[in-house]
Amino acid sequence: MKDEQDGKGLSISSHLDELRSRVTKSVLAVVVTTAVAFIFHRQILLLLMEPAKGFDQTPFDGPIYTQLTEFIGIAFKVSLLAGFILALPYVLYQIVMFVGPGLNPKERRYLYALLPASLIAFAAGAVFGHRVLFPPAVNFLLGFGEGIATPLPNIGAYINLMLTLLLWMGLVFQTPIVAFFLSRIGVVTGDWLAKQRKYAVIVAFILGAIITPTFDPINQTIVSVPIIVMYELGIWLAKLGGRGRKKAARELSGADT
């Protein structure tokens, strides 16, 4: 008995075989890039610690670790994340090649255009967190107890805090792309997003308080402002996407008549 086939004449087993093949290729790519990243784990860790210029004020001129396996565990964690980031374009390529045949031409164009834009936006958010947001935050934390306590920053806590911050900022910078995509498929409109602006500002400061590792209003504002800016950019792109959607609908209506 033949396997059940989809609308394009491909059997379910063929889909599963293709999915298995692409997942295997993606995993192998991540393994290879992780191994390469581990070779350079010291350079990666030094890059992540670069914003903490205040380390020269600590007794050991840098973070410490108190368990024998802690440093190698952090090295593996950072290498895995770096390896995944390095392999991400190839992984996304495999995803696009798998889901592409099931999409119509217009949906494929959106997919091909938005995935690279999403990568660029995530990288921009991570760079912003690394270069702009984290330095004042970590220096504030290192100097907050000056004259009362001596900071001995733990490398595990530091790296986890840094990676969490970079992840959050990378996601925040996805806001305009998500807004544009949702407007193109008719879920939201730029005008509706503009009406929610006051709520977005409140949410931005709430997220600023959650994301920021400190409690001072200055660092929270540094986080909140780019969230608001990304939302405003999302409104503009949503209006642009909405106009494009209406134009496409008019062209389709004219072709039908």
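Looking at Leu46 and Met49, their side chains come closer than 4.5 Å, going by heavy atoms from C-beta outward. A heavy-atom distance below 4.5 Å is found between the side chains of Leu48 and Leu166. Annotation: side chain of Arg197 is in contact with side chain of Ile235 (closest heavy-atom distance under 4.5 Å). Using a 4.5 Å heavy-atom threshold, the side chains of Val223 and Leu207 count as separate. Under the 4.5 Å side-chain criterion, counting only non-hydrogen atoms from C-beta, Gln94 is not in contact with Glu18. In this structure, the side chains of Phe71 and Ile155 come closer than 4.5 Å at one or more pairs of heavy atoms. Side-chain contact between Phe122 and Leu167 is present, with at least one heavy-atom pair separated by less than 4.5 Å. Using a 4.5 Å heavy-atom threshold, the side chains of Ile228 and Phe205 count as touching.
Interatomic distance, Ser26 OG to Phe84 CZ, rounded to the nearest 0.5 Å: 9.0 Å. Atom-to-atom distance recorded for Ile85:CD1 and Leu119:CG is 10.5 Å, nearest 0.5 angstrom. With rounding to the nearest 0.5 Å, the separation of OG1 in Thr164 from CE in Met162 is 10.5 Å.
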(request) Determine, step by step, whether Lys77 and Asn160 satisfy the side chain to side chain contact (heavy atoms under 4.5 Å, CB included) criterion, reporting the C-alpha distance in whole Å, the side-chain angles of both residues, the deciding distance to 0.1 Å, and the verdict. (result) CA-CA 9 Å; Lys77 182 176 183 177; Asn160 288 333; 2.4 Å; yes

(message) One pair to check against side chain to side chain contact (heavy atoms under 4.5 Å, CB included): Leu233 and Thr175. What are the steps and the verdict?
(response) CA-CA 8 Å; Leu233 181 58; Thr175 303; over 6 Å; no

(request) Give the intermediate values and the outcome of side chain to side chain contact (heavy atoms under 4.5 Å, CB included) for residues Met169 and Met230. (result) CA-CA 11 Å; Met169 295 313 300; Met230 290 297 107; over 6 Å; no

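Contact between Pro89 and Leu86 at its shortest, heavy atoms only, is CD-O, 3.5 Å. Of all the heavy atoms in Ala179 and Gly234, the pair that sits closest is CB-O, 3.5 Å. Between Ala204 and Ser224, the shortest heavy-atom distance links the atoms O-OG, 3.3 Å. Here the shortest heavy-atom pairing between Thr221 and Pro226 reads O-CD, 4.4 Å. Minimum interatomic distance between Gly83 and Ala37 (heavy atoms only, all atoms of both residues): N-CB, 4.1 Å. Taking all atoms of both residues into account, the shortest heavy-atom contact from Gly156 to Ile74 is CA-CD1, 3.6 Å.
Under the 4.5 Å side-chain heavy-atom criterion for Ile, Leu, Val, Met, Phe, Trp and Tyr, Ile177 and Ile120 are members of distinct hydrophobic clusters. Two different hydrophobic clusters hold Leu88 and Tyr90 under the rule that ILVMFWY side chains link at heavy-atom gaps under 4.5 Å. Leu80 and Val32 fall into different hydrophobic clusters, where Ile, Leu, Val, Met, Phe, Trp and Tyr side chains are chained together by heavy-atom contacts under 4.5 Å.
Side chain of Tyr231 to backbone of Leu193: a donor-acceptor contact under 3.5 angstrom is found. Distance alone, capped at 3.5 Å, places no donor-acceptor pair between the His130 side chain and the Gly125 backbone. A distance-only check finds no donor-acceptor pair linking the side chain of Ser79 to the backbone of His41 [under 3.5 Å]. One N or O on the side chain of Gln174 and one on the backbone of Ser118 form a donor-acceptor pair closer than 3.5 Å. Checked by atom type and distance alone, the side chain of Glu70 pairs as donor or acceptor with a backbone atom of Thr66 at under 3.5 Å. The backbone N or O of Asp17 lies less than 3.5 Å from no partner atom in the side chain of Ser21, so there is not a single donor-acceptor pair.
The local environment of CD1 in Ile39 is crowded, with over 12 non-hydrogen atoms from other residues, nucleotides or ligands closer than 6.0 Å.
Remark: aromatic rings of Phe76 and Phe38 are close, center separation under 6.0 Å.
Checking Tyr158, Phe128, Trp168 one by one against Phe134, the ring pair (Phe, Tyr, Trp, His ring centres under 6.0 Å) holds for a single residue, Tyr158.
A search for side-chain contact (heavy atoms from CB on, under 4.5 Å) contacts involving Val36 returns Phe40, not counting sequence neighbours.
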